[in-house]
Engineer: 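There's a structure below that I have some questions on.
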Amino acid sequence: MNNEVWIEQSKDRCSQRGIKPEDVPTFTQFYSEAELSAKREEYEEILSVINFFIHKMLELMKGLPLLILITDEKGCVLEMAGDETIKNIISQSGIGVGLIFDEEEAGTNSINLALDHREAFQLIGRDHYFHFLEGSACYSVPFQYTDVSNLLGTITIMTSYDQHNPFLLAMLSTVVDSIERELLLKKQNRRLHILNQVVIETTRNGIIITDKDGNITEYNRFAEYITDLKRQDVLHKSIAELKVSQYIGEVLHKGIVYEDMELSIKQGNHGEKLVCLFDAFPILDENKRIMGAFAQFRDITERSKVEKRINHLAYHDDLTGLPNRRYFARHLDMLLDGSAGDQHPFALLFLDLDSFKKINDNLGHNNGDLLLKLVAERLLLCIQSSKHIISRMGGDEFTILLKELRSQTEAIEIAENVIKAFETPFVVDDYEFYITASIGIAYYPQDGRDAETLMKHADIAMYQAKDTGKNNYSIFRAAKSSIGIEQLTLESSIRKALQNNEFLLHYQPQIDVETGRIIGTEALIRWNHPTLGLVSPGKFIPIAEETGLIVPIGEWVLRTACQQNVEWIAKGIPPMKISVNLSTRQFLKRNLVETVHNIVKETGLDPTLLELEITESMTMDVDFAVEVLGEFKKLGIPICIDDFGTGYSNLYYMKLFSIDRLKIDQSFIRDIMTDSIDADIVSTIIAMAYNLGIDVIAEGVETEEQLTYLKRLKCREVQGYYYYKPLPAEEIEQLLLSQ
């Protein structure tokens, strides 16, 4: 009989009992405090073993919202560990430590099924009987003393429906198998009292037993394998020859007990290192006097390799095998922390493939992925030194970190080598074609002394290379030496634009996807130049940022947007939030909070109706960001992270920064229907943000397919050309009045 049949039978029983699936059950069966205390004392060693492995599993799965429940053989919850958000949610329905799961009250659930049938079960969404559990995925595996098939209980993973992955059940089964082996081992060890109670050669652990003087009396074949010493060479000799002699000596002379000590042991000339867990404890006679020592090695080399593999995946790109953005950022930070003044110059190369989108569009994403692998291989051939680091930052962007430069020409030579290497055609799926790359070069310390500045300048240099015809490299040049006549003209004009009222605001509606109603707007600056006409923000904003003019411009935007919102409310339009972007220079000014507070007071706008949008890069100075954002929180002003997913932040900091909303960058939304990686990123951001109590809005929504997909992910708010482009205030006003 398979699991699906058992699940259906359980649902039939629940239905026959008259249980209504739309109800939320009232749980009545709980252990008393005395019963729970007694059971936990009885299970003390069992829980200790389980917690050791569960802790390891949660560490490996860090970042996923998982809750672990441990029950006894009756289905009573003895412990809960993991994600606090999920714990709080299920606690509200009465599920907690001490509850005895029973099908009559809990309906169809994985814990009762696993206990009844002694098999692993997974219940996903509508597999549960009660509707309130349909948003979850549950995986339960029973555990027992395998020597007597004595059922002890279950271990369960709970997570949200959108995090369902069959791998979780397979992983949990593997963990339970390890727990059962560990429980059995500890049970056997308790029975050891004297030598004839140990069946030395039947265990797959390395066993060493000594007398009270430290002479070896037993040394099994697995101990030979692990230590690379022959039994006949060590038997009846002192433990002094062993690498663990110090620990066994402390067991004999001080009665110290060692448990689960991780050791790395090199085997002779084989060159391979074994990773073992080492236990050692005294053997006592009937008078509790030490009569010897028992030590064992448990080979966990394969498990250690798996852990290292998981760590490798966390810091390397799945597709190309190159270090990823996280690895690159970490090593760049380490390099900057270790640099003093100009003692350790290095270079950062930012590489972007030219017209890569055409490859994806014409040959498909699978062939695009094959091309990226070939590009990675070719880059590795260009960089022979192991001290340099090549990383894939995402998409078709790569970075090369050149450490310990002898001269700046070394970076130029490598850039030229890369461009030359790309002159040989690439062959993908029997197609032979050429692709080129544009490379930007920034040097430390002259082009920046922090990671953000160096990355920005290398990126600017890369775009300079694209502007000069692509298939080229460009060295970053400070603005004063590279700015053109048009930019100088714009800089001069910007200074007059505020005085002459040349700036204006357009507003892009933000939509509730369920109702289609406008729930807010984002204020976006436009410049109507008297002779040049409408000037793109992409042209004048960078210049304003460089010159510091962005600060008075930003204050004008804030004041104008607040006044506009007040005017709309006065005309009978229901109050709604208006979002305003802060620039990096604004955010770093010490009087920012005071300035915003004064503008809100002057205009009379309710602070809760002004939302400030910041970028992830502004929060890299965590302490400063916490202070500033905390002050805004006191004023009641909501904060939104703009372009989320393109920077270095993570969702754990979002709670620390008191963030109210995340805006998923349009670069992910653009390819959400064709790029599975972008789709996974968007799904993960939405799920984890909502688990942290943070709202999410997706920008750049342009098609009905994108909107439908976001609805399926339960993204409640969007903005983009599918609904409206940015519009003048009067057109927005008409929309709002008609609504």
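Index from 1, following the sequence.
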Engineer: CD1 of Ile541 to CD1 of Ile553: how many Å apart, nearest 0.5 Å?
Structural biologist: 6.0 Å
Engineer: For Tyr690, is the NZ or CZ atom of Arg716 found under 6.0 angstrom from the centre of its six-membered ring and inside 45 degrees of the ring axis?
Structural biologist: yes
Engineer: Do Gln719 and Lys663 meet the criterion of a side-chain donor-acceptor pair at a distance under 3.5 Å?
Structural biologist: yes
Engineer: Is the side chain of Gln586 donor-acceptor paired with the backbone N or O of Ser583 at a distance under 3.5 Å, no angle test?
Structural biologist: yes
Engineer: How are the rings of Phe624 and Phe587 set to each other: parallel, tilted or perpendicular (split at 30° and 60°)?
Structural biologist: perpendicular
Engineer: So which atom in Gln163 and which in Pro65 form the shortest heavy-atom distance, rounded to 0.1 Å?
Structural biologist: CG-CG, 3.9 Å
Engineer: Run the salt bridge (Lys or Arg N to Asp or Glu O under 4.0 Å) test on Asp695 and Arg661 for me, step by step, so that the C-alpha distance in whole Å, both residues' side-chain angles and the decisive distance to 0.1 Å come before the verdict.
Structural biologist: CA-CA 4 Å; Asp695 290 330; Arg661 188 158 68 158; over 6 Å; no
Engineer: So does Glu704 have more than 12 non-hydrogen atoms from other groups sitting under 6.0 Å from CD?
Structural biologist: no
Engineer: Salt bridge (Lys or Arg N to Asp or Glu O under 4.0 Å), that's the test. Do Lys62 and Glu59 meet it? Break it down for me.
Structural biologist: CA-CA 5 Å; Lys62 189 173 183 181; Glu59 281 293 315; 5.5 Å; no
Engineer: Mind checking whether Ile518 and Tyr724 have side chains closer than 4.5 Å, heavy atoms only?
Structural biologist: yes
Engineer: Is Lys714 atom NZ crowded by more than 12 heavy atoms from other residues, nucleotides or ligands, each under 6.0 Å away?
Structural biologist: no
Engineer: Examine distances only and state if a side-chain atom of Asp450 and a backbone atom of Thr453 form a donor-acceptor pair shorter than 3.5 Å.
Structural biologist: yes
Engineer: Decide salt bridge (Lys or Arg N to Asp or Glu O under 4.0 Å) for Glu702 and Arg670; before the verdict, give the C-alpha distance in whole Å, the side-chain angles of both, and the deciding distance to 0.1 Å.
Structural biologist: CA-CA 8 Å; Glu702 297 181 354; Arg670 184 186 306 118; over 6 Å; no
Engineer: Looking at Thr85 and Asn691, would you say the former's side chain and the latter's main chain have a donor-acceptor pair under 3.5 Å?
Structural biologist: yes
Engineer: Have Ser579 and Glu611 got a donor and an acceptor in their side chains that come within less than 3.5 Å?
Structural biologist: yes
Engineer: Give a yes or no answer on whether the side chain of His164 reaches the backbone of Tyr161 with a donor-acceptor pair at less than 3.5 Å.
Structural biologist: no
Engineer: Looking only at non-hydrogen atoms, find the nearest pair between Ala523 and Ala561 and report the distance.
Structural biologist: CB-CB, 4.0 Å
Engineer: Is the side chain of Arg526 donor-acceptor paired with the backbone N or O of Leu504 at a distance under 3.5 Å, no angle test?
Structural biologist: no
Engineer: Could Arg392 and Glu397 be called an ion pair, given the rule that one side-chain N must be under 4.0 Å from one carboxylate O?
Structural biologist: no
Engineer: Side chains of Gln564 and Arg559: do they bring a donor and an acceptor to under 3.5 Å?
Structural biologist: no
Engineer: So, the side chain of Asp23 versus the backbone of Pro25: is there a donor-acceptor pair under 3.5 Å, distance only?
Structural biologist: no
Engineer: Could you pull out the closest heavy-atom pair between Val513 and Lys711, with the gap in Å?
Structural biologist: O-CE, 3.4 Å
Engineer: Hey, can you pull the donor-acceptor pairs under 3.5 Å for the side chains in residues 130-137, sequence neighbours left out?
Structural biologist:
| unit_1 | atom_1 | unit_2 | atom_2 | d |
| --- | --- | --- | --- | --- |
| His131 | ND1 | Glu134 | OE2 | 2.9 |
| Ser136 | OG | Leu133 | O | 2.6 |

Engineer: Which atoms form the tightest heavy-atom contact between Gly96 and Met80, and what is the distance?
Structural biologist: CA-SD, 3.7 Å
Engineer: Is it the case that more than 12 heavy atoms not belonging to Lys456 sit under 6.0 Å from its NZ atom?
Structural biologist: no
Engineer: Go through the steps for Asn88 and Ser91 under the test side chain to side chain donor-acceptor pair (under 3.5 Å), then give the verdict.
Structural biologist: CA-CA 5 Å; Asn88 291 337; Ser91 295; 5.3 Å; no
Engineer: Can you tell me how far the CG atom of Asn500 sits from the CG atom of Asn528, to the nearest 0.5 Å?
Structural biologist: 12.0 Å
Engineer: Treating Thr515 as the side-chain partner and Arg517 as the backbone partner, does any N or O pair qualify as donor plus acceptor under 3.5 Å?
Structural biologist: yes
Engineer: Find the distance between CG (Asn324) and CG (Asp317) and round it off to the nearest 0.5 Å.
Structural biologist: 7.0 Å
Engineer: I'd like to check Ile460 versus Phe476 (side-chain heavy atoms, cut-off strictly below 4.5 Å). Are they in contact?
Structural biologist: yes
Engineer: Looking only at heavy atoms, which two atoms of Thr159 and Ile86 are closest? And how far apart?
Structural biologist: CA-CD1, 3.9 Å
Engineer: Taking side chain as C-beta onward, heavy atoms only, is Tyr443 less than 4.5 Å from Ile475?
Structural biologist: yes
Engineer: Would you verify whether the NZ or CZ of Arg330 falls within 45 degrees of the ring axis of Tyr315 while also being under 6.0 Å from that six-membered ring's centre?
Structural biologist: yes
Engineer: Measure the shortest side-chain to side-chain distance between Ile614 and Ile641 over non-hydrogen atoms and say whether it is less than 4.5 angstrom.
Structural biologist: yes
Engineer: Indicate whether any N or O donor in one side chain lies under 3.5 Å from an N or O acceptor in the other, for Thr595 and Asn598.
Structural biologist: no
Engineer: How about Asp354 and Ser438: does a side-chain donor come under 3.5 Å of a side-chain acceptor?
Structural biologist: yes
Engineer: Classify the ring geometry between Tyr507 and Trp568 as parallel (under 30°), tilted (30 to 60°) or perpendicular (over 60°).
Structural biologist: perpendicular
Engineer: Please check if the side chain of Thr560 supplies one atom and the backbone of Trp556 the other of a donor-acceptor pair under 3.5 Å.
Structural biologist: yes
Engineer: Considering non-hydrogen atoms only, spot the tightest contact between Asn565 and Lys577 and give its length.
Structural biologist: ND2-C, 4.5 Å
Engineer: Is the ring centre of Phe328 less than 6.0 Å from the ring centre of Phe398?
Structural biologist: no
Engineer: Between Glu522 and Val580, is there a donor-acceptor pair closer than 3.5 Å when you use the side chain of the first and the backbone of the second?
Structural biologist: no
